[in-house]
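Everything numeric in this text was worked out from a predicted model, so none of it was measured.
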Amino acid sequence: MDSFERESAANQVISAHSNTQPTTRWHRMYFFLAGFDVLVVVLSVLLNHLIVDTYHRSIKANQSWVQQLSSYSTLGSLASEVNAPGNNVFDTHDVEAESQNMTTALRAFDEHLAKAKQQLEVRIAHQAEHSADIQTFTLTLKGEVAEVDSAMVEMVKEATLIFSFFREGKSDEAGKRMATMDRKYAKLLASLATVRERVGLIQSKLLEEELESVEELRRIEYAIMMFVLLMVTAALFYGRRIRREMESHAAEREGYLAVLRESERQFRQQASLLDKAQDAIVVHDMDHRILYWNKSAERLYGLPREEALGKSAQGLIYPSHAFIETATHSLIELGDWAGEVTLRRRDGSTINFESHRTLVRDDSGLPQCVLSINTDISHRKAAEQEVKRLAFYDQLTGLANRRLMIDRLQHALASSARSQHTSAVILIDLDNFKALNDTFGHDRGDVLLQQVAHRLSACIRESDTVARLGGDEFVVLLEGLSENPPDAAIQAKAICEKILSSLNLSYQLDGYEHHSTPSLGIALFQGQLNTVDDIMKRADLAMYRAKAAGRNTMRFFDPEMQAVATARARLESDLRQGLQNKELSLHYQPQVNSQGRIVGAEALMRWQHPERGNVLPAEFIPLAEETGLILPLGRWALQTACAQLVSWTKQPETARLTVAVNVSARQFHHPDFVEEVLTVLRFTGADPRRLKLELTEGLLVEDMENTVAKMIELKEIGIGLSLDDFGTGYSSLSYLKSLPLDQLKIDKSFIRDVLVDPNDAAIACAIVSLSQILGLSVIAEGVETEAQRAFLVSHGCHTYQGNLFSRALPAEQFKQYVHERSMAEH
């Protein structure tokens, strides 16, 4: 008003030189314009306040619905926990524990759903201020939330039915109901997705209505601004001072509008970030000052938003200054950066998260800020650590596995060389364990193995090691025994007697009392004059001597046992010579489909010794594995089979056949295995698409990453991969989903009694079902009767191999066999 008064005074001075009537008229108009302008400015400020208030209400409503959406997302996670026990019971068979788990998870789901319903009821009661569309959407949402509750009730009923079937011993019925429960679960997830979609519609409608309100206020504001400009234009006629005043006022208003536009831009930016609220979202400027910090960031980093905003990103999302420089350089050069970050939170705990950072540029292309989206991977890291732990410990018993035992035995050899103390290896094999599995099932067999592991752990000293080698074989490593071997033998015998006494006590196997006995083989060693293989072989020989002595006893290794080892050495020498003298040959056993057509053959080794006669593969293949002869044997077999493939292509009857070649674990894990296969294919000219490599489960438990890489290389050149003797090993089924296999092969041990043993029948059917789920073909070996083949056909297995069709034949006889079958078909 002072400026107005000064301008008025100036006008009065000017009016002294003019007529009285015009002066009075312009004076009144000046004050009228000035007063009206002040009124318009006040109205404009109030209008801007309404716009800002509208934005604030929009943000508040949007955030409220984001919280509601998060609540429904949490319901999805809780629903998964309710569904999990119904699936897990097929693996654990612990019905009561899984039922309790489901009850606990369901209670958490119901409590969370009740809270969500209560929040929705409050919204419905206080939504009079919203439009009819939003009220309709909200009431619809109430009904859709009720459908979620109904879907959960249906799924829980199915899970309860499955549990009841398991309690009644009707596992097949439970399996049939599993698909129904999965459909109920899918319906529940669909209901939750509908709820989340409805919340998204409500958010969109809210934002749309608020933006319409803002646009209406803006139009009024723009009209007022135009009117103000007219008033300013009129006021220009009254003097330079009032012009400067209005120009200053216009500049002030423009600055306010710029601040409002910046506020609007930040609002849109933050609203877009809320869409990814499951991850921690952080925005910081190029000076690393934090501008945005969402709720997930609060949970991940353990720091409230109020404390994080405005602070440096170093120490909060960057572990060090060097890390900042590296990430910033990558952002400037490439525009984004991704990697794993480990940070220590304020409470001292360490978090691992996967971070993806993107450089955001302004309209002129200059770096403006960095958007960081961070995902907590602590659980995944813990799972990786668990996988590493499982690599050294037996999954069933928790004892050390073969790999860890061998490592500790090597350390014991080195330690014994320094200290001159005697150590001992005790190899323990349970007598007649297979009879228990065949009679009462593998479940009770597993329970027995767990109890044996517990008793063995109680019998040894803290410095000793007990491990499970596989199956029913255990080994105990005793370290730090007496320097005098006879005294050390007495100490080892005392521990063995304790083991015998403990393992002779009866076992309670799910309500059944079982008596089991062990056979123990003991090998003493001192210094590094021995190797790990020598010690384990001696213990193995001693254990078999205990078996021969009537079982349930112990035996120390003695020179007589070495005679047996010498015989094996002689067999090894004969095998080496036989390979050089071409005494080995390949026979081919036909593989037949359900139409009776020969689709391929498996190449099987045969050894015709000049003195021993026909040596069975069961005698020389394990020996070749142990001695490393399996490498030249496997190379010879692969080259011979590929050459035979080339020969078959010359005849129409055999040109379409494939040949399967067995590959041992030792052969597969050789560093040059893939290159050897490629060399053989180039040398022979065989079509890799006609070659199938049969791998055993045993090779999957070591170096999984390298195994998968080799399998992928072989697949890329067209070679088929089959998992042989499936179900007889100890590898995890979880490996299958990451293995690039083409086929599963049902072991003949399951086929032999498939018609009389329900366990074997169930296993065979499960393997067929598993292959169908994973998209793999399946073949059964050892098919001896038409009844066995009919059973397999009825359960979805359409490729077979066994003496029902033909024994393994020499190449020429196999060719004649194929010709005769082909003629019979025509």
Chemist: Please check this pair: side chain of N374 against backbone of S296, looking for a donor-acceptor N/O pair closer than 3.5 Å.
Modeler: no

Chemist: Please determine whether a side-chain nitrogen of the Lys or Arg among R167 and E96 lies less than 4.0 Å from a carboxylate oxygen of the Asp or Glu.
Modeler: yes

Chemist: Does S150 use its side chain to pair, donor to acceptor, with the backbone of A146 at less than 3.5 Å?
Modeler: no

Chemist: Indicate yes or no for a side-chain donor-acceptor contact from D279 to the backbone of I373 under 3.5 Å, with no hydrogens or angles considered.
Modeler: no

Chemist: Just one of L331, D336, V282 clears the side chain to side chain contact (heavy atoms under 4.5 Å, CB included) bar with R357, so which one?
Modeler: L331

Chemist: Would you indicate whether the side-chain heavy atoms of V156 and V153 approach each other to under 4.5 Å?
Modeler: no

Chemist: Under 4.5 Å between any side-chain heavy atoms of R198 and V145, yes or no?
Modeler: no

Chemist: Give me the atom names and distance for the closest heavy-atom approach of N759 to G441.
Modeler: ND2-CA, 4.0 Å

Chemist: Is it the case that the side chain of D285 and the backbone of D287 share a donor-acceptor pair, with hydrogens and angles ignored and the cut-off at 3.5 Å?
Modeler: yes

Chemist: Would you say D742's side chain and L721's backbone share a donor-acceptor pair under 3.5 angstrom?
Modeler: yes

Chemist: Tell me whether Q451 contacts the main-chain N or O of Q508 through its side chain, where contact means a donor paired with an acceptor under 3.5 Å.
Modeler: yes

Chemist: Would you say S771's side chain and V768's backbone share a donor-acceptor pair under 3.5 angstrom?
Modeler: yes

Chemist: Report yes if the side chains of K157 and T160 come closer than 4.5 Å at any heavy-atom pair, otherwise no.
Modeler: no

Chemist: Determine whether more than 12 heavy atoms belonging to other residues, nucleotides or ligands lie under 6.0 Å from atom NE2 of H356.
Modeler: yes

Chemist: Could you tell me whether the side chain of N401 and the main chain of L404 form a donor-acceptor pair under 3.5 Å?
Modeler: yes

Chemist: Side chains of R305 and K295, heavy atoms from C-beta outward: is any pair under 4.5 Å?
Modeler: yes

Chemist: Heavy atoms, side chains only, cut-off 4.5 Å: are M102 and F163 in contact?
Modeler: yes

